[in-house]
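The block underneath contains the structure these notes are about, expressed in structure tokens.
A quick note: this is a predicted structure, and the numbers were derived from the prediction, not measured.
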Amino acid sequence: MTPIRLQAQLGHWSSLPGPLYRRLADALRVGLERGEIEAGTRLPPERVLAKQLAVSRTTVVQAYDLLRNDDWLESRQGSGTWVRR
């Protein structure tokens with residue numbers, strides 16, 4: 001999935017309440033729950049997505065971490081991050 005396509009699917013995620021990383025994680029989770037982001041989809045690398053969304057890499061790392069902790073995502077160093085379910 002390209003960063004531009006993912007950004008379009010996220011909509012106005014940054015206007016949601018709460019910390020920025022949680023807003024991003026929540027917007028991603030909504031897309032995952034609706035099936036808009038399918039299982040097996042490889043997500044953009046943290047640095048690339050951070051640049052596209054104009055946020056810090058830490059914001060993306062924390063959002064991905066939240067989703068990994070809830071078993072939505074899986075990551076392997078050097079291989080990327082993809083949707084588990």
Side-chain angles (χ1 to χ4, degrees):
M1 171 168 291
T2 68
I4 293 171
R5 183 172 168 213
L6 183 56
Q7 181 181 25
Q9 286 184 336
L10 294 174
H12 299 287
W13 68 274
S14 62
S15 64
L16 300 171
L20 200 55
Y21 73 93
R22 185 162 304 276
R23 293 183 230 175
L24 178 55
D26 289 346
L28 285 165
R29 186 177 289 110
V30 168
L32 295 166
E33 289 171 346
R34 290 183 181 167
E36 296 166 358
I37 306 170
E38 297 178 2
T41 300
R42 186 172 177 187
L43 296 179
E46 296 155 353
R47 283 185 176 93
V48 173
L49 185 58
K51 184 176 180 179
Q52 181 65 38
L53 298 177
V55 298
S56 73
R57 179 174 172 245
T58 301
T59 298
V60 177
V61 167
Q62 290 177 323
Y64 278 11
D65 282 346
L66 283 175
L67 295 170
R68 269 192 293 273
N69 290 337
D70 291 339
D71 292 326
W72 282 103
L73 302 180
E74 185 172 336
S75 298
R76 287 195 197 126
Q77 190 172 12
S79 296
T81 300
W82 61 93
V83 178
R84 288 186 62 158
R85 50 175 161 155

Legend entry - From CA spacing to verdict: side-chain contact (heavy atoms from CB on, under 4.5 Å), Leu28, Trp72: CA-CA 10 Å; Leu28 285 165; Trp72 282 103; over 6 Å; no
Legend entry - Audit row: Trp82, Met1, side-chain contact (heavy atoms from CB on, under 4.5 Å) steps and yes/no: CA-CA 10 Å; Trp82 61 93; Met1 171 168 291; over 6 Å; no
Inset, instruction - Could you go through the side-chain contact (heavy atoms from CB on, under 4.5 Å) check for Thr59 and Leu53 one step at a time? - result: CA-CA 10 Å; Thr59 298; Leu53 298 177; over 6 Å; no
Inset, instruction - Start with the C-alpha gap between Gln7 and Gln52, add the side-chain angles, then the distance that decides, and say whether side chain to side chain donor-acceptor pair (under 3.5 Å) holds. - result: CA-CA 8 Å; Gln7 181 181 25; Gln52 181 65 38; 2.5 Å; yes
Inset, instruction - Take Leu43 and Leu49 through the side-chain contact (heavy atoms from CB on, under 4.5 Å) test and state the conclusion after the steps. - result: CA-CA 9 Å; Leu43 296 179; Leu49 185 58; over 6 Å; no
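When all heavy atoms of Thr2 and Pro44 are compared, the pair lying nearest together is C-CG, 4.2 Å. Between Trp13 and Val55, the closest heavy-atom pair is CH2-CG1, 3.9 Å.
Considering only residues two or more places apart in sequence or on other chains, Arg68 meets the side chain to side chain donor-acceptor pair (under 3.5 Å) condition with Asp65, Ser75.
Taking CZ of Arg57 as the start and NZ of Lys51 as the end, the distance is 14.5 Å to the nearest 0.5 Å. One finds the CG atom of Leu67 at 12.5 Å from the CZ atom of Arg84 (value rounded to the nearest 0.5 Å). One finds the CD1 atom of Ile37 at 8.5 Å from the CZ atom of Arg5 (value rounded to the nearest 0.5 Å).
Remark: Arg29 CZ is packed, more than 12 non-hydrogen atoms of other residues, nucleotides or ligands lying under 6.0 Å away. The neighbour count for Glu38 CD, taken as heavy atoms of other residues, nucleotides or ligands under 6.0 Å away, does not exceed 12.
By the 4.0 Å N-to-carboxylate-O rule, Arg23 lies too far from Asp26 to be salt-bridged with it.
Val48 and Leu73 are members of different hydrophobic clusters when ILVMFWY side chains are connected at heavy-atom separations under 4.5 Å.
The hydrophobic cluster containing Leu66 also includes Tyr21, under a criterion of side-chain heavy atoms closer than 4.5 Å among ILVMFWY residues, counted directly or through chains of members.
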